[in-house]
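Both backbone and side-chain heavy atoms feed into the values below; hydrogens, waters and symmetry mates do not. Chain letters run A, B, ... following the sequence lines, proteins first, then strands; residues in each count from 1.
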Amino acid sequence: MSDIDYRLIVDPDELPALAGELRAEPVIAIDTETTGLDPYRSRLRLLQLATPGKIRIIDCFRVGREHFEPLRAVLSSPKPVKIAHNARFDGRFLCCHLGIRLDGIFDTYLASLLLSAGSEVDRHGLEPVVQRYLGRPLSKEAQLSDWSGELSRAQLDYAARDAAILLPLYEVLRDRLDEMDLLVAADLEFDCIMPVASIELAGVHLDIARWREQIARNREAHERVERELHQDLSAGASQMSLFGAPEPINLDSPAQVREALTRLGIELDDTREGRLHSLAGQYPVIARLLEHRHLAKCLSSFGENILEFINPVTGRIHPDYRQIGSPTGRLTSSSPSLQQIPHTPEYRSCFSAPAGRKLIIADYSQIEMRILAEFSRDEALLTALDGGADLHRQTAARMFGLQVNQITDRQRESAKGLNYGLIYGMGAEGLAARLDVSVVEARGLIERYFEAYPRVARWLEDAGEEAVQVGRARTASGRLWIFRLDPTDPAQQATLRRLGRNAPIQGTSSDLFKRAITLLDEALGGRDAFIVNSIHDELVVEAAEAVAGDIAPIVSRTMISAAREFLPCVPVEVDLIVADHW
DNA sequence: TAGAATCGCCAC
DNA sequence: AAACGTGGCGATTCTA
């Protein structure tokens, strides 16, 4: 494939002229080749810059960081538009190795994800995206080749082609986004790319000694419970081996546990927590089993494995974020997932501020209820959310026609169950199970709830019905989820109703949260403070001790103004603390 | 024997 | 206490 017209730049003196040419372009495509995936442990080898006429490949082994100054303005200003496929990756390397922060990004990867609108079958690597939107094959063979040595003609061809293909791809994707009314959602995503890359680069600090202590305590408890359980369970084991001790059952195997329980006369379809929980009071062995499960889960998911993610260069943990991690647009983090650390002090407090620094922890209060209030414009719900008393207590007061101070804990729990459950499209059966009441009682509670919040009832009904009718839903930013379910199948129709209620709410929560990340990243620019974690409705900022007090109000103000862009009618509150530990 | 599927459970 | 939305991940078990 030598038909690609590109030039390899090894002479730093060429960069000023190149920068001049690029500045005049409306759009340029960019790509990088690196010696590995981790910007802290690998090197930037090539930077490819493509315009309709020309492709330039800069060999970053030959052109040192200090020579990139002329390109800085081109790459770090909104114009020209920079097209990249998964710009978060390239952005991290440019940030780390050249000190340049990309701006004006059009990301063909995120564009493809938005256009697929939640499809589980579409793939979004450059190769399948080029195939899908341009109808041409693209070989990615050289991607995993060794980029640290002498480069072959084939490698350079590959590098050039990867960048060049982005130009026609951009044209098509931009038109498709426009046709599908996804340009607003796309801009929201594109603006958020570098802020998310910054969160990854910042990483979190972990108090290793404290974490190890927690593991040790867990291990001890785990072994004790394991011994007790083997005794409990062997009592029912009749098939004692003729040749000695019976084979101990594997407590991590649900199948073996179920068999053992059957021998004790406890028959179950499965052994999930919800099922076991109601039996825990009756059978001590079940309570112990649940305790064992919890300890085993914590040891395997939140044990030594987390320590392996500490980066040897920074000494911190840098998770990977997927910017569109779910069809609703939520961010997800992995390797490790810092979004599912148990919400208990033993675990969370291990994520601490390093010496001389503070953590600012801020989360939106009842954000999904506020979104529901915005969508439904239910006056009673809007009032209940307007400062003052606890939402669930107020909800109960309205449901039962009582004063807020007359509400019992049980009534508050019922109201809380409804406030949370209805957002997820829960029905009477689900509520009955959750509150441990009969289905008839649950129906009555739902009826009272809908009388308290009539426009909420109306909105939920309409949203469910619309999902059945049109098979799709949008969020406030216009993000689209096409459900791809069969509305004539009763089970799938029920799912459609639930999704139709939940998707706009959860998705709008993602929208405004991403906006908050973008605005906050900008507001913190130039200060010794940066976002280190994001958990769906909560942001953690790490700041120098001396400035934390000044930064805290900026965090809450910025989060509130981001939410206001999407929720003009409903009051928004942010709970914030400044602390040494998460 | 490695990858897929399943179960189970952590988060919001 | 658990069937009601979104994920990631670990251990076991199945399968090609």
Side-chain angles (χ1 to χ4, degrees), chain A residues 118 120 249-258 268-281 286 289-290 292-306 309 319-322 324-344 347-348 363-364 366-368 372 410 413-414 416-437 439 442 446 460 463-464 467 473 475 481 483 491 494-507 509-510 513 533-539 582:
Chain A
E120 286 167 3
I249 76 154
N250 183 350
L251 294 170
D252 292 328
S253 161
Q256 290 183 36
V257 167
R258 200 184 132 212
L268 294 165
D269 293 335
D270 62 70
T271 65
R272 276 175 289 184
E273 187 183 355
R275 200 176 286 280
L276 293 181
H277 219 286
S278 57
L279 297 169
I286 302 265
L289 185 59
L290 287 170
H292 181 268
R293 285 254 177 91
H294 174 74
L295 293 164
K297 166 75 179 173
C298 288
L299 277 174
S300 65
S301 297
F302 313 111
E304 296 282 346
N305 57 331
I306 298 291
F309 287 106
D320 293 324
Y321 281 86
R322 285 173 61 198
I324 301 179
S326 80
T328 57
R330 273 191 174 184
L331 290 167
T332 60
S333 90
S334 58
S335 311
S337 169
L338 294 182
Q339 294 176 327
Q340 50 189 99
I341 302 296
H343 202 13
T344 55
Y347 289 98
R348 295 223 166 172
D363 69 287
Y364 284 114
Q366 305 284 8
I367 192 65
E368 295 191 329
L372 181 58
R410 190 166 170 75
E413 280 308 299
S414 299
K416 185 178 169 186
L418 281 152
N419 278 333
Y420 280 116
L422 291 173
I423 286 172
Y424 297 144
M426 185 174 63
E429 293 77 9
L431 183 69
R434 186 191 167 113
L435 297 178
D436 198 18
V437 298
V439 175
I446 292 175
L460 289 170
T475 67
W481 184 359
F483 297 130
T495 303
L496 275 169
R497 286 185 195 279
R498 283 197 295 274
L499 290 172
R501 294 168 173 207
N502 179 255
I505 297 174
Q506 193 185 114
S509 173
S510 313
F513 191 69
N533 203 354
S534 90
I535 315 98
H536 307 310
D537 63 357
E538 173 183 356
L539 283 172
W582 186 23

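- Across all strands, A/Asp252 comes closer than 4.0 Å only to sugar-phosphate atoms, never to a base (heavy-atom distances).
- Judged by distance alone, the side chains of A/Arg322 and A/Ser333 never bring a donor and an acceptor atom under 3.5 Å apart.
- Looking at heavy-atom distances under 4.0 Å, A/Leu499 makes contact with sugar-phosphate atoms alone, never a base.
- The residue among A/His277 and A/Ser335 whose nearest nucleotide of DNA chain C lies closer to the 5′ end is A/His277.
- No engagement by A/Glu538 is indicated, since no non-hydrogen atom pair under 4.0 Å with the nucleic acid exists.
- With A/Ser334 contributing its side chain and A/Ser337 its backbone, the two residues share no donor-acceptor pair below 3.5 Å.
- Distance from the side chain of A/Pro327 is smallest for C/dG7 among the nucleotides B/dC10, C/dG7, C/dG5.
- Distances shorter than 4.0 Å separate some side-chain N or O of A/Thr332 from OP1 or OP2 on C/dG8.
- Backbone-only engagement by A/Ile341 is indicated by non-hydrogen atom pairs under 4.0 Å involving sugar-phosphate atoms exclusively.
- An OP1 or OP2 oxygen of B/dG8 is reached within less than 4.0 angstrom by a side-chain nitrogen or oxygen of A/Arg272.
- In the set C/dA3, C/dA11, C/dC9, C/dA11 carries the atom at the smallest distance from any side-chain atom of A/Ser300.
- Between B/dG8 and A/Thr271, a contact under 4.0 Å exists linking OP1 or OP2 to a side-chain N or O.
- Using a 4.0 Å heavy-atom criterion, one finds that A/Ser510 contacts no nucleic acid atom at all.
- Using modelled atom types, one finds no donor on one side chain facing an acceptor on the other under 3.5 Å when comparing A/Ser509 with A/Gln506.
- Going from atom CD of A/Glu429 over to atom C1' of C/dA1 covers 16 Å, rounded to whole Å.
- Within 4.0 Å of A/Arg322, counting heavy atoms only, lie sugar-phosphate atoms of the nucleic acid but no base atom.
- For A/Arg498, the listed nucleotide lying nearest its side chain is C/dG5; candidates were B/dG8, B/dC12, C/dG5.
- Of the options A/Leu460, A/Ile423, A/Leu422, a side chain to side chain contact (heavy atoms under 4.5 Å, CB included) to A/Asn502 is made by A/Ile423 and by none of the others.
- Note: CG (A/Asn419) to P (C/dC4) measures 18 Å, nearest angstrom.
- For A/Gln506, no side-chain nitrogen or oxygen approaches OP1 or OP2 of C/dG7 to under 4.0 Å.
- Nucleic acid contact for A/Ser509: none, since no nucleic acid atom lies under 4.0 Å from a heavy atom of the residue.
- Following rounding to the nearest Å, A/Arg434 (CZ) and C/dG5 (P) show an atom-to-atom distance of 13 Å.
- The nearest whole Å value for the distance from the CG atom in A/Leu276 to the P atom in B/dC9 is 7 Å.
- Relative to the side chain of A/Asp537, the nucleotides C/dA1, B/dC12, C/dG5 differ in distance, and B/dC12 lies closest.
- In plain terms, the two heavy atoms of A/Leu290 and A/Glu273 that are nearest each other are CD2-CG, 3.8 Å.
- If you take CD1 of A/Ile306 and P of C/dG8, they are 15 Å apart, rounded to a whole angstrom.
- Comparing atom distances between the A/Gln256 side chain and each of C/dT13, B/dC12, B/dC10 picks out C/dT13 as nearest.
- Looking at A/Arg258, its side chain does come within 3.5 Å of a backbone N or O of A/Leu268 through a donor-acceptor pair.
- Comparing A/Gly417 and A/Ser253 by the nucleotide of DNA chain C that holds the closest heavy atom to each, the one mapping nearer the 5' end is A/Gly417.
- Remark: A/His294 is not in phosphate contact with B/dC9, judged by side-chain N or O atoms under 4.0 Å from OP1 or OP2.
- Contact annotation: A/Ser333 does not reach the phosphate of C/dG7 (side-chain N/O to OP1 or OP2, under 4.0 Å).
- At a threshold of 4.0 angstrom between heavy atoms, the contacts of A/Gly325 are confined to the sugar-phosphate backbone, with no base atom among them.
- Phosphate contact (OP1/OP2 of C/dC9, side-chain N/O of A/Asn305, threshold under 4.0 Å): absent.
- One cannot find a donor-acceptor pair under 3.5 Å joining the base of B/dG8 and the side-chain atoms of A/Glu273.
- One interatomic measurement links the two molecules: CG of A/Asp269 to P of B/dC7, which rounds to 12 Å at whole-angstrom precision.
- In this structure, A/Arg330 reaches the bases: a heavy-atom distance under 4.0 Å links it to at least one base atom across the strands shown.
- For the pair A/Arg348 (side chain) and A/Pro342 (backbone), a donor-acceptor distance under 3.5 Å is present.
- The distance from atom NZ of A/Lys297 to atom P of B/dA11 is 9 Å, rounded to the nearest whole Å.
- Smallest separation of non-hydrogen atoms from A/Gln339 and A/Thr332: OE1-CA, 3.3 Å.
- Of the candidates C/dG10, C/dG5, B/dC10, the closest approach to any side-chain atom of A/Gln340 belongs to B/dC10.
- Contact of A/Gln339 with C/dG7 (side chain to base): no donor-acceptor pair of N or O atoms is detected under 3.5 Å.
- Between the CE atom of A/Met426 and the P atom of C/dA1 there is a distance of 16 Å, given to the nearest Å.
- Here A/Arg497 lies out of heavy-atom contact (under 4.0 Å) with every strand.
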